[in-house]
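Ligands are counted one by one from 1 in listed order, and the atoms in each one are counted from 1 as well.
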Amino acid sequence: MADTTTPERISTGIPGLDEMLRGGYFKGTANVVSGKSGTGKTIFGAQFLHEGTKKGEKTMCIITSEEAKSIVKEMRTSFGWDFDELVEKGLLTFVDITDPSLRLQKSVEIAPSELIKSFKKLVESKIDELHPDRIFIDSVEALYLAIESRYKLRTLIDDVFSVFRRHNVTSVIAVGSMYGLDDMVEYGADSVVKLGRVTAGNNLQRSIYILKIRGSGSINEVRVLNITDNGMSVLAQSPYLESA
Ligand SMILES: Nc1ncnc2c1ncn2[C@@H]1O[C@H](COP(=O)(O)OP(=O)(O)OP(=O)(O)O)[C@@H](O)[C@H]1O
Ligand SMILES: [Mg+2]
């Protein structure tokens, strides 16, 4: 029988997804969201943080590349979410590792091993300082480009996941499918949500499914993922099931 004293669940903030996960993420776990470019990873993570701030939780967004910096502008134009205001209110903190003042940017002076150590240290010190409830990393590819080793990236990611678990922070980590990084990073994660696109006739439809969630059952269906001006949501019925 399933243990009824299972840990607290955390809402993903994405309507329909908590049901698929049987109540949301487990608190203090590392959760990967992966998919090709444009499948909705950044929106997913931003909505996860936004949900936390609505409840007064503290949230942190770790930015790893130049492109990821436009998240504030994109969330405003896409959904009218004011992340600048959340920062002013102390509910959201950005940690931008490309910021030269943190000395973590890709640079000839920094050896990959140094970057790995500094990234982990930086994340841990920011968690100690701010005690966030939720963290979103957007995304892992830039770390790989800086480290240039799959093995080292895997070790780094696993270490960072342990930091999150130790501090009881619930995290979402975006991973693109470039270089097969998604496959590799998914091994160490407590849960994996896959975003994609399927063609239905001449239409392109967004799709979502749960690849795994450790310690829980889940709805094992590919469902439709919708993005509208109100954000992202999952349709309750799967159109992909064969009729009995
Ligand atoms: N208000 C909106 N209504 C409908 N779709 C939207 C809206 N805002 C954004 N989108 C869609 O969401 C897509 C972007 O999603 P997102 O940036 O989260 O993808 P991503 O997986 O992070 O991509 P990348 O790998 O390039 O970082 C846009 O390309 C657009 O199609
Ligand atoms: Mg993105």
| message | For ligand 1, give me the residues whose heavy-atom distance to it is below 4.0 Å, by chain and number please. | response | Lys36, Ser37, Gly38, Thr39, Gly40, Lys41, Thr42, Ile43, Ser78, Phe79, Arg206, Ile227, Thr228, Asp229
| Residues Lys69 and Thr98: side-chain donor-acceptor under 3.5 angstrom | yes
| request: Please list, chain by chain and in numerical order, all residues satisfying salt bridge (Lys or Arg N to Asp or Glu O under 4.0 Å) with Lys58, sequence neighbours excluded. | output: none
| request: Is it possible for you to check whether Arg134 lies under 6.0 Å from the centre of the six-membered ring of Phe48, through NZ or CZ, and within 45° of that ring's axis? | output: yes
| query | So how far is it from Lys120 NZ to Leu156 CG, rounded to the nearest 0.5 Å? | reply | 9.0 Å
| Taking every non-hydrogen atom, the tightest pair across Ala46 and Ile71 | CB-CD1, 4.2 Å
| field | Counterpart residues, side-chain contact (heavy atoms from CB on, under 4.5 Å), relative to His167 (two or more places apart) | value | Glu124, Ile127, Asp128, Val163, Val169
| Do Asn226 and Val234 have side chains that get closer than 4.5 Å, going by heavy atoms? | no
| said: Just verifying a value: how many Å separate Ile137 CD1 and Ile63 CD1, rounded to the nearest 0.5 Å? | reply: 10.5 Å
| remark: Rounded to the nearest 0.5 Å, the CE atom of Met178 sits from the OH atom of Tyr144 at a distance of 10.5 Å
| Protein N, O or S within less than 2.8 Å of the Mg ion (ligand 2), waters excluded | Thr42 OG1
